[in-house]
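Data block below; observations after.
To find a chain, count down the sequence lines: A is the first, B the second, and so on, and within it residues start at 1.
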Protein chains: 2
Amino acid sequence: MSEDTVTVGEAARLTGVSAKMIRWYEARGLLPPAPRSASGYRRYGEAEIRTLHFVRRARDLGFDVEAIAELLALWSDRDRPSAAVKAIARTRIAELRRRITALEGMARSLERLAADCCGDERPDCPILDDLSAGEAPPPSPGKTVRRRIGMG
Amino acid sequence: MSEDTVTVGEAARLTGVSAKMIRWYEARGLLPPAPRSASGYRRYGEAEIRTLHFVRRARDLGFDVEAIAELLALWSDRDRPSAAVKAIARTRIAELRRRITALEGMARSLERLAADCCGDERPDCPILDDLSAGEAPPPSPGKTVRRRIGMG
DNA sequence: CCTTGACCTTCCCACGGTGGGAAGGTCCAT
DNA sequence: ATGGACCTTCCCACCGTGGGAAGGTCAAGG
């Protein structure tokens, strides 16, 4: 009769975090080592399940393991300043916005190109034209000395 | 004597694709094996450089290796139907939009939460409240008595 | 009691892309 | 000939996730 503890598989079902991921989070130090039964099985009580829910939710919001670890630490710190939490959130928001902007740029470029492509059986295609014509400027000029190349 | 061919490093500088990535693309079959000099150095001519530019540009547009391989195949097929290219582009656009929507959702949620967080010295924080989904605070270290664990 | 099957444990491998670095060979200018 | 910038291959790491092997455990049914 399980006291009020469950196994990883059950915890996974309850929280939506896969058993594999639960073990992985534990190994990475994101979660404290789960208590073990006499035979070595991990056992999860209500507190652990709550933590797993927290992790799941944070993951859904795009936080990476490191940020989640910080959030967990703040969560369990009754004297935390909410400013610390807010700072983490803001960092994540900035990162999300950065990535969104990048993806938006790609999507818009592609949409423009696709709109100009008649998309029939003929080979003429502005998409391929763009990909081949795009003289992408080398991002950084490199500090290394440029010398003539040549070899036998 | 060099024909007008360059080494990987030079090709990397010219195209913005790192030497490491050029070798990796070749190993993955995205690029045909580069011609080698007598001593085994990869040599890149104008055609190869053009291909690398193409790859770079496609990568910038968010295509993954597989899609780039298909695009390269179509690029070198003079009888391609532009519809095939357009289909690939549309797939990529859909994927980009999907990811953008997901990230947007996260960003908006976080922004709302952050806006509600006063961000001062006090511990009250709607962000943590949301993450814990209205559940009670975490196990205070050493306070909560661990339930009996036993396989039963 | 013993078998069966679901579950657990750890360990290794893979993915996409990218970078770091080691060990060793090559090229070229001085 | 020396130095160092470059090349080669090979292995390892990251993130987050899954697959699977080899072996132990638990609960239920015959």
Side-chain angles (χ1 to χ4, degrees), chain A residues 1-3 5-31 33-44 52 55-56 58-69 92 95 99 102 106 139-140 142-152, chain B residues 1-2 5-31 33-44 52 55-56 58-69 92 95 99 102 106 149-152:
Chain A
M1 39 254 25
S2 51
E3 302 301 320
T5 67
V6 296
T7 61
V8 259
E10 191 61 22
R13 263 168 246 129
L14 287 172
T15 62
V17 183
S18 77
K20 272 266 209 263
M21 280 298 100
I22 294 177
R23 296 194 196 97
W24 185 78
Y25 288 150
E26 181 183 320
R28 308 244 71 227
L30 182 60
L31 303 172
R36 303 293 186 115
S37 74
S39 55
Y41 283 22
R42 290 175 181 80
R43 303 298 308 186
Y44 297 86
L52 284 172
V55 169
R56 171 75 150 97
R59 204 188 53 181
D60 287 349
L61 283 174
F63 289 101
D64 57 15
V65 265
E66 198 180 334
I68 296 179
R92 186 58 25 185
E95 170 66 11
R99 285 167 58 193
M106 299 177 193
S140 66
K143 49 186 190 242
T144 330
V145 184
R146 201 72 95 67
R147 20 193 195 82
R148 272 285 119 233
I149 354 118
M151 65 188 347
Chain B
M1 315 303 235
S2 63
T5 66
V6 296
T7 60
V8 259
E10 191 61 19
R13 266 168 241 127
L14 289 171
T15 63
V17 183
S18 76
K20 271 265 209 262
M21 279 298 99
I22 294 177
R23 296 193 196 99
W24 185 78
Y25 289 149
E26 181 182 321
R28 295 271 124 198
L30 181 60
L31 303 172
R36 304 292 187 115
S37 75
S39 55
Y41 282 23
R42 289 175 181 80
R43 304 299 309 186
Y44 297 86
L52 283 173
V55 169
R56 169 73 148 97
R59 204 188 52 181
D60 286 350
L61 284 174
F63 289 101
D64 56 16
V65 263
E66 198 181 333
I68 297 179
R92 188 56 27 186
E95 170 66 13
R99 284 166 59 191
M106 298 177 194
I149 47 172
M151 290 307 280

From CD1 of B/I68 over to P of C/dG17, roughly how many Å is that when rounded to an integer?
8 Å
[N], OP1 or OP2 - any side-chain N/O from [X] closer than 4.0 Å?
X     : N      : answer
B/R59 : C/dT18 : yes
B/S18 : C/dG19 : yes
B/R42 : D/dC7  : no
A/Y25 : D/dC15 : no
A/T7  : C/dC7  : no
B/S37 : C/dT26 : no

Sorted by chain and number, sequence neighbours left out, salt bridge (charged side-chain N to carboxylate O under 4.0 Å, His left out) with A/R59 holds for none
Produce the list of close N/O pairs, under 3.5 Å, pairing protein atoms with atoms of nucleotides 11-13 of chain C; give distances to one decimal.
none

Tell me, please, which residues at least two apart from A/R23 pass side-chain hydrogen bond (donor to acceptor under 3.5 Å, both in side chains).
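Residues passing side-chain hydrogen bond (donor to acceptor under 3.5 Å, both in side chains) with A/R23: none at all.
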Under the rule for side-chain contact (heavy atoms from CB on, under 4.5 Å), what residues qualify as partners of [X], not counting sequence neighbours?
X     : value
B/R99 : A/L103, B/E95
A/D64 : A/E66, A/A67, A/R92
B/A69 : B/L30

Tell me which donor-acceptor pairs under 3.5 Å the side chains of residues 10-20 of chain A have, and how far apart each pair is, sequence neighbours excluded?
unit_1 : atom_1 : unit_2 : atom_2 : d
A/E10  : OE1    : A/R13  : NH1    : 2.6
A/T15  : OG1    : A/A11  : O      : 2.8
A/T15  : OG1    : A/V17  : N      : 3.3
A/S18  : OG     : A/M21  : N      : 3.1

Pairwise N/O distances under 3.5 Å, protein to nucleotides 23-25 of chain C:
unit_1 : atom_1 : unit_2 : atom_2 : d
C/dG25 : N2     : B/Y41  : OH     : 2.5

Students often get this wrong, so: under 4.0 angstrom with heavy atoms, is B/R23 touching a base, only sugar-phosphate, or nothing?
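Base, at least one base heavy atom under 4.0 Å.
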Mapping B/V65 and A/E10 onto DNA chain C by nearest heavy atom, which one lands closer to the 5' end?
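Its nearest nucleotide lies further toward 5', so the answer is A/E10.
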